[in-house]
Number of protein chains: 2
Amino acid sequence: MVTQRQLEEREMRRQRILQGALRVYQRDGIEKATMDGIAKEAGFGKATLYYYFESKEEIFVELLRSGWEQIWESVESILEVPGTPRTQFAAILKSLAHRISRDPAFYGFLFQAPTQLTGLPAERQTWRKHQNRMYGVLRGLLEDGIAQEEFPRVDSELLLRAIGGLFHGLFFLGTGGQDITDENMDLFLDNLFSGSSVAMETES
Amino acid sequence: MVTQRQLEEREMRRQRILQGALRVYQRDGIEKATMDGIAKEAGFGKATLYYYFESKEEIFVELLRSGWEQIWESVESILEVPGTPRTQFAAILKSLAHRISRDPAFYGFLFQAPTQLTGLPAERQTWRKHQNRMYGVLRGLLEDGIAQEEFPRVDSELLLRAIGGLFHGLFFLGTGGQDITDENMDLFLDNLFSGSSVAMETES
DNA sequence: GTAATTTTCGAATTGACAGTCGGAAAGTAG
DNA sequence: CTACTTTCCGACTGTCAATTCGAAAATTAC
């Protein structure tokens with residue numbers, strides 16, 4: 001028989017292992033991150049990790065899944081606030097920017113690790129569900145915004161890739177640069193959307 | 001005694017190995033790329049690779065070095081044509097875009113592999129010389145362009161990161177999207193620079 | 001208490017892979 | 001043809017790291 005407390009403690013230990021894995025990832029990268037390193041960082045023996053997770057891969061997949069789930073939930077709550085495609089799109093980017101500036105290491109992991117986890121069967125990429133939903137929403141907002149002349153009239157897929165890249169560049173490329181501020185973020189969004197007629201809400 | 005022909009044949013075999021390594025990299029990623037795989041792809045026995053290269057690392061470093069050298073040379077030749085910071089900057093991006101569309105796999109490697117080759121001592125990162133020169137030129141052009149009001153008045157380092165990211169997004173993010181056309185490239189450059197006063201040359 | 005269950009982990013085991021070795025094959029010179 | 005150089009490679013070695021094993025320690029139930 002397992003009590004509620006036991007379940008909670010179990011869950012806390014899982015979280016402790018996940019946090020240790022994240023720190024090792026930051027220090028060593030995903031390929032160099034070893035189970036020995038994670039075990040030491042989390043304060044368990046190596047074999048104990050296998051009591052809580054199936055494999056090294058499962059640890060990183062779980063980090064991705066829960067992270068993208070969080071992102072998706074925040075996107076969902078933004079969509080509940082009425083607005084034009086453009087204001088909603090900008091609100092999502094600003095919310096993301098805000099989250100990233102709070103915890104750059106974790107979001108760096110969320111955005112970069114998927115490209116480094118090669119050769120996973122699709123059904124194991126459990127974070128993809130939420131990731132795709134978010135990109136789907138963004139693409140939809142862009143398409144609506146283009147239809148309503150709020151955005152430049154270009155292929156929405158390319159526009160999404162461009163904006164995604166720009167975002168990625170601002171936050172993750174370049175090793176030691178200063179963090180981006182809210183003001184700069186607004187400046188870039190303004191600039192990006194400068195061709196259209198509707199003014200953006202850039203006050204925080 | 002070695003004849004000229006022998007030297008040329010040796011060089012061709014080196015190239016064949018490099019090309020094989022590139023194909024394996026595309027298929028498996030840099031960490032999963034094994035010497036056995038490269039040997040098979042290039043049509044040699046594994047031990048023969050070590051007759052031509054010191055190590056696996058040297059193979060990939062050499063691919064990067066020669067690739068960035070080519071890029072740098074094309075940038076240099078663009079700089080010899082007189083123009084404003086803005087036209088030169090745009091010309092460099094267009095030239096890069098053109099190269100990338102000719103050989104996406106190779107340029108994907110040139111832009112992505114450096115972030116995956118971790119823990120190399122600085123002196124072994126032989127491609128950095130040309131890479132830094134190119135970014136230095138771009139940053140300089142942005143700074144001059146900002147001073148001359150050809151670009152929006154923001155921190156040049158952030159602008160470079162943003163543009164670099166945008167570029168990266170257009171060409172490398174998103175898995176199976178269609179290739180970007182010259183027209184779309186022009187459209188994006190126009191849009192990017194829309195805040196300023198000077199019209200761009202977008203005819204090819 | 002002590003039997004049952006849960007949690008822990010050091011010590012093997014296993015598989016993958018970079019790099020080496022010793023010699024064979026192929027090519028060249030005279 | 002023979003001596004010499006260049007090129008090639010299958011089999012082996014050593015290392016590193018994921019995963020498993022078997023049992024000990026800690027906790028819980030009665």
Side-chain angles (χ1 to χ4, degrees), chain A residues 1-25 27-63 113 116-121 124, chain B residues 1-25 27-63 113 116-121 124:
Chain A
M1 190 212 304
V2 269
T3 67
Q4 184 61 24
R5 177 182 57 73
Q6 277 173 308
L7 287 175
E8 283 167 15
E9 282 182 358
R10 225 183 264 179
E11 181 55 27
M12 296 202 69
R13 289 183 213 115
R14 264 177 76 95
Q15 291 302 324
R16 180 183 290 272
I17 290 169
L18 291 174
Q19 293 311 307
L22 189 57
R23 283 196 297 278
V24 173
Y25 169 85
R27 207 184 50 207
D28 302 338
I30 203 163
E31 294 290 346
K32 298 265 182 64
T34 67
M35 290 301 261
D36 279 303
I38 296 171
K40 198 168 177 188
E41 193 68 38
F44 290 103
K46 179 166 55 161
T48 304
L49 302 191
Y50 287 90
Y51 184 77
Y52 290 95
F53 293 93
E54 290 273 328
S55 64
K56 172 182 162 180
E57 177 193 289
E58 199 196 85
I59 292 177
F60 287 108
V61 166
E62 172 57 18
L63 270 175
Q116 291 160 1
L117 276 173
T118 57
L120 272 191
R124 304 225 44 183
Chain B
M1 191 210 307
V2 268
T3 69
Q4 184 62 24
R5 177 182 58 73
Q6 278 173 308
L7 287 175
E8 283 168 13
E9 282 182 359
R10 224 182 266 180
E11 181 55 27
M12 295 201 72
R13 289 183 213 116
R14 263 177 76 96
Q15 291 302 323
R16 179 183 290 271
I17 292 170
L18 292 174
Q19 292 311 307
L22 189 57
R23 282 196 298 278
V24 173
Y25 168 85
R27 205 185 51 207
D28 303 336
I30 203 164
E31 293 290 345
K32 299 267 183 63
T34 67
M35 289 301 263
D36 281 299
I38 296 171
K40 197 168 178 189
E41 192 69 38
F44 291 102
K46 177 164 66 156
T48 304
L49 301 192
Y50 288 90
Y51 184 76
Y52 290 95
F53 292 93
E54 289 273 329
S55 64
K56 173 181 161 182
E57 177 192 290
E58 198 196 83
I59 292 177
F60 286 109
V61 166
E62 172 56 19
L63 270 174
Q116 292 161 358
L117 275 174
T118 57
L120 272 191
R124 304 225 46 184

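Proteins come first, then strands; the chains are lettered A, B, ... in the order of their sequence lines, and each starts at number 1. From a predicted model like this one, the values you see are computed outputs, not experimental measurements.
Closest to the A:Gln6 side chain, of the nucleotides C:dT6, D:dA17, C:dG10, is C:dT6. Set against D:dC8, D:dT20, D:dG10, the side chain of A:Tyr50 has D:dT20 as its closest nucleotide.
In this structure, A:Lys40 atom NZ and D:dA17 atom P are separated by 13 Å, rounded to whole Å. Here D:dG10 presents its C1' atom at 18 Å from OH of B:Tyr51, a figure rounded to the nearest Å. Remark: C1' of C:dA18 and CD1 of B:Ile38 are 11 Å apart, rounded to the nearest angstrom. Spacing between atom CD of B:Glu31 and atom C1' of D:dA18 amounts to 15 Å, rounded to whole angstrom units. Nucleotide C:dG10 holds its P atom 13 Å from the CZ atom of A:Phe44, rounded to whole Å. Protein atom CD of B:Glu9 is 10 Å distant from nucleotide atom P of C:dG27, rounded to whole Å. Atom CG of A:Asp28 and atom P of D:dA17 are 10 Å apart (whole Å). Atom pair B:Asp36:CG and C:dA18:P shows a separation of 7 Å (rounding to whole Å applied).
By the 4.5 Å heavy-atom criterion applied to side chains, B:Arg124 and B:Glu58 are counted as neighbours. For the pair A:Met12/A:Arg16, no side-chain contact is recorded, criterion being any heavy-atom separation below 4.5 Å from C-beta on. With contacts defined as side-chain heavy-atom distances shorter than 4.5 Å, the pair A:Tyr51/A:Arg13 does not qualify. Here the side chains of A:Phe60 and A:Gln116 are not in contact, with every heavy-atom distance at 4.5 Å or above.
Dashed line: the shortest gap from a side-chain N or O of A:Lys56 to OP1 or OP2 of D:dA18 is under 4.0 Å. Between B:Thr48 and D:dC9 there is a side-chain N or O to OP1 or OP2 distance below 4.0 Å.
Shortest non-hydrogen contact noted between A:Gly20 and A:Ile38 is C-CG2, 4.4 Å. Nearest heavy-atom pair, A:Ala39 versus A:Leu49, reported as atom, atom and distance to 0.1 Å: N-CD1, 3.9 Å.
Applying a 4.0 Å cut-off to non-hydrogen atoms, the residues of residues 10-19 of chain A that approach DNA chain C are A:Arg10, A:Arg13, listed by residue number.
Both A:Tyr52 and B:Lys32 lie close to DNA chain C; mapped to their nearest nucleotides by heavy-atom distance, the more 5′-ward contact belongs to A:Tyr52. Closest-nucleotide positions on DNA chain D for A:Ala47 and A:Arg5 were compared, and the one nearer the 5' end corresponds to A:Ala47.
Taking only distance into account, the side chain of A:Lys46 never meets the base of C:dG10 through a donor-acceptor pair shorter than 3.5 Å.
Checked against A:Ile17 for a side-chain contact (heavy atoms from CB on, under 4.5 Å), the options A:Thr48, A:Leu63, A:Ile59 give a single hit: A:Ile59.
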